[in-house]
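Below is one structure, written out as structure tokens; the observations come after it.
Numbering starts at 1 and runs along the sequence shown. Remember, predicted model here, so these are calculated numbers, not experimental data.
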Amino acid sequence: MAPKGGNQDKEEIWPYKITIGICAMHRKATSKPMRAIMKKLIECYGQWVDFFIFPEQVILNEPIENWPLCHCLVSFHSTEFPLEKAIAYVKLRKPYVINNLDRQYDLLDRRTVFKILSDNGIEHPRHGYVIRGRPNEPDTELVEHPDHIEVNGEVFNKPFVEKPISSEDHNVYIYYPSSVGGGSQRLFRKINNRSSWYSPKSEVRKEGSYIYEEFIPADGTDVKVYAVGPFYAHAEARKAPGLDGKVERDSDGKEVRYPVILSNKEKQIAKKIVLAFGQTVCGFDLLRANGKSYVCDVNGFSFVKTSTKYYEDTAKILGNQIVRHYAKTKNWRLPPDMPQPPILDLGLGDDPPMITTPSGKLAELRCVVAVIRHGDRTPKQKMKLVVTDERFFALFEKYDGYKKNEIKMKKPNQLMEVLELARALVSEKQVRRI
């Protein structure tokens with residue numbers, strides 16, 4: 001029975017709060033972005049939803065029957081996370097799931113990622129696979145030459161990119177042709193201020209399974225896109241880790257990133273990736289070259305590191321999605337005062353302006369820097385000089401210069417005095433020369 005008073009209507013509209021359970025490793029579940037998003041979600045939707053975090057000890061050591069109950073599950077894979085147990089928990093308790101857990105296995109294999117991209121018509125680098133020592137899979141033939149390799153008969157000229165098949169292995173190598181000195185740039189997860197280092201070794205790795213990609217010249221930057229649902233995406237650019245291996249950081253020690261405006265085609269790519277991979281919260285990497293955008297990696301559940309606007313938008317999108325889902329499935333009345341989420345404009349609005357660089361490549365015009373002076377005065381045409389003639393001192397004294405320490409002569413008759421004095425001095429100088 002609903003309590004009497006002002007809350008009666010609300011109780012009839014929304015009988016109880018929806019509980020959101022965050023099931024992830026402790027470091028991820030308590031990260032600054034996650035805390036900021038959940039705090040904002042409760043601020044906006046706290047009268048309809050609440051949340052808690054699954055203890056890491058329970059996730060790792062307890063059977064799923066002992067895991068806490070929730071109406072909605074936010075769960076995602078990371079190192080040491082028992083994805084299989086989380087999937088079994090969903091089958092047992094059947095909560096509403098934000099990111100499809102079964103599909104997260106797809107993100108662990110770069111071959112599967114590229115196949116899904118291909119099946120959905122999403123541009124990605126030309127690539128080939130080399131398989132070694134995998135059960136039930138024949139080894140692949142690779143022929144290596146000084147400046148190119150052949151993978152199953154397909155040629156990849158240097159520079160090309162070598163990535164492990166497992167997306168959890170971040171040791172990515174870029175091999176350079178002998179015409180620029182050869183060698184390779186070896187990328188890895190950031191360690192302090194380094195993200196890669198150069199090696200003089202030019203031979204590809206001979207052990208393990210790899211995907212080889214055609215190198216996309218992206219002018220030293222890559223674009224990180226963070227999608228939240230099919231109608232919202234936030235994008236940032238950073239210095240490519242393969243450029244020189246030095247991580248640019250700001251005064252707070254954070255990696256320097258720059259805001260990026262996505263084109264309409266890139267917004268459609270974000271929507272396709274969310275739907276194709278079944279991941280409401282999803283990050284992916286874009287390379288822009290010659291007017292095209294290529295997806296080179298899909299990261300699954302990931303957040304922007306520092307963006308209050310992104311945290312607020314994500315909280316509103318997730319909160320709105322969860323409340324609407326339960327209003328529909330439980331046949332509850334939708335709260336009339338529920339905050340509305342932002343959406344991504346997928347219409348035919350203007351794309352970011354493109355310009356041709358001196359090298360002939362197309363690039364996005366991100367800003368125009370100008371130094372502008374106020375325009376209500378005629379630009380001054382003046383010269384400064386030191387004078388010793390007594391007549392200048394007399395003029396200075398005439399207009400009280402000794403009292404003011406300066407004189408300003410703007411009236412025509414004053415300027416004429418200066419002009420006549422200057423002409424007299426020039427004339428005298430010429431006479432002396434004669």
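- For N61, the CG atom is densely surrounded, since the number of other residues' heavy atoms within 6.0 Å is greater than 12.
- E162 is listed as a side-chain neighbour of Y212, based on a closest heavy-atom distance under 4.5 Å.
- Judged by distance alone, the side chain of D147 and the main-chain N or O of S178 form a donor-acceptor pair under 3.5 Å.
- Evaluation of the salt bridge (Lys or Arg N to Asp or Glu O under 4.0 Å) rule for E56 yields no partner, not counting sequence neighbours.
- Closest approach of G242 to I174, counting heavy atoms only: CA-CD1, 4.3 Å.
- Shown here for L41 and A315, the closest heavy-atom pair between the two residues is N-CB, 3.5 Å.
- Counting only distance, with no hydrogens or angles, the side chain of K40 and the backbone of T314 share no donor-acceptor pair below 3.5 Å.
- Shown here is K206, whose NZ atom has more than 12 heavy atoms of other residues, nucleotides or ligands within 6.0 Å.
- A salt bridge links E154 with R126: the distance from a Lys NZ or Arg NE/NH1/NH2 to an Asp or Glu carboxylate oxygen falls below 4.0 Å.
- A 4.5 Å side-chain heavy-atom check between H234 and D313 finds every atom pair outside the cut-off.
- Using a 4.5 Å cut-off on side-chain heavy atoms (C-beta onward), R288 and V223 make contact.
- For E255, the salt bridge (Lys or Arg N to Asp or Glu O under 4.0 Å) criterion is met by K190, R238, R257, not counting sequence neighbours.
- Donor-acceptor pairing under 3.5 Å is lacking for the side chains of D106 and T112.
- For the pair D109 (side chain) and R111 (backbone), a donor-acceptor distance under 3.5 Å is present.
- For the pair R186/N171, no side-chain contact is recorded, criterion being any heavy-atom separation below 4.5 Å from C-beta on.
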Assess the residue pair H26 and Q57 against the criterion (side-chain hydrogen bond (donor to acceptor under 3.5 Å, both in side chains)); give the C-alpha distance rounded to whole Å, side-chain angles, the decisive distance to 0.1 Å, and a yes or no.
CA-CA 9 Å; H26 180 76; Q57 162 128 1; over 6 Å; no
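- Counting heavy atoms from C-beta on, the side chains of L101 and Q104 come closer than 4.5 Å.
- Below 30°, between 30° and 60°, or above 60°: for H77 and F81 the angle between ring planes is above 60°, a perpendicular geometry.
- Y129 places a side-chain heavy atom less than 4.5 Å from the side chain of F114.
- In this structure, F76 and F301 have parallel ring planes: the angle between them is below the 30° cut-off, well short of the 60° mark.
- Put simply, the side chain of Y226 never gets that close to the backbone of Y310: no donor and acceptor are under 3.5 Å apart.
- Taking 4.5 Å as the limit, every side-chain heavy atom of H124 sits out of range of all side-chain heavy atoms of E213.
- Between the side chain of K224 and the backbone N or O of V304, no donor-acceptor pair lies under 3.5 Å.
- Using cut-offs of 30° and 60° for the angle between ring planes, the F160 and Y175 rings count as tilted.
- No donor-acceptor pair under 3.5 Å is formed between the side chain of W197 and the backbone N or O of G245.
- Taking the side chain as every heavy atom from C-beta outward, S209 and R134 approach each other to under 4.5 Å.
- Y176 and Y198 have parallel rings, their planes meeting at less than 30° on a 0 to 90° scale where 60° marks the start of perpendicular.
- Checking side-chain atoms of S31 against main-chain N and O of K28 turns up a donor-acceptor pair under 3.5 Å.
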